[in-house]
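Accompanying notes for the structure given below.
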Amino acid sequence: MRASALGQQGESIAYLKEAISRPDATAKAHYFLGAEYAQIQMYDRAAMEMEVAIYKDPSLSIARVQLG
């Protein structure tokens with residue numbers, strides 16, 4: 001989150017990719033990765049991560065809003 005706040009999207013994406021590669025990856029990790037992709041206009045990847053976030057946690061309404 002700090003890397004993202006500092007505008008270091010590449011570093012943030014690397015951290016988040018590591019987080020989602022773990023067996024206990026959370027829906028929020030996928031959501032944040034999708035948000036980072038959207039920031040750098042990689043919309044296909046952003047949508048894919050938002051979809052995974054919703055699949056993992058259907059109550060994650062912010063991901064639904066962003067995907068829409």
Side-chain angles (χ1 to χ4, degrees):
M1 300 310 302
R2 184 168 189 224
S4 179
L6 294 173
Q8 300 169 337
Q9 275 75 32
E11 199 171 312
S12 179
I13 287 171
Y15 290 136
L16 289 164
K17 280 183 170 181
E18 182 180 332
I20 67 164
S21 72
R22 299 174 187 223
D24 62 343
T26 65
K28 287 183 181 181
H30 285 277
Y31 165 75
F32 288 126
L33 180 55
E36 288 297 325
Y37 280 136
Q39 285 283 355
I40 60 171
Q41 300 178 351
M42 295 181 78
Y43 300 121
D44 290 341
R45 289 186 184 186
M48 182 183 72
E49 293 301 331
M50 295 293 175
E51 288 173 1
V52 172
I54 293 167
Y55 175 78
K56 287 182 154 280
D57 182 359
S59 71
L60 192 59
S61 58
I62 189 68
R64 287 187 188 281
V65 170
Q66 292 296 320
L67 189 56

CD-OG distance between Gln66 and Ser61, expressed to the nearest 0.5 angstrom: 10.5 Å
Donor-acceptor side-chain pairing of Glu51 and Tyr55 below 3.5 angstrom: no
same_hphob_cluster(Tyr43, Ile54) at 4.5 Å side-chain heavy-atom cutoff: no
Cluster link Ile20 to Ile62, ILVMFWY, side chain under 4.5 Å: yes
Same cluster (ILVMFWY, side-chain, under 4.5 Å), Met42 and Val52: no
Nearest-0.5 Å distance, CG of residue Asp57 to CZ of residue Arg64: 9.0 Å
Nearest heavy atoms of Ala19 and Ala25, plus distance in Å: O-CB, 3.6 Å
Trace of the side-chain contact (heavy atoms from CB on, under 4.5 Å) decision for Glu49 with Leu16: CA-CA 11 Å; Glu49 293 301 331; Leu16 289 164; over 6 Å; no
Same apolar cluster: Leu33 and Leu60, side chain cutoff 4.5 Å: yes
Stepwise side-chain contact (heavy atoms from CB on, under 4.5 Å) check, Thr26 with Lys56: CA-CA 7 Å; Thr26 65; Lys56 287 182 154 280; over 6 Å; no
CZ-CD distance between Arg45 and Glu36, expressed to the nearest 0.5 angstrom: 13.5 Å
Closest heavy-atom pair and its distance - Ala38, Ala46: N-CB, 3.7 Å
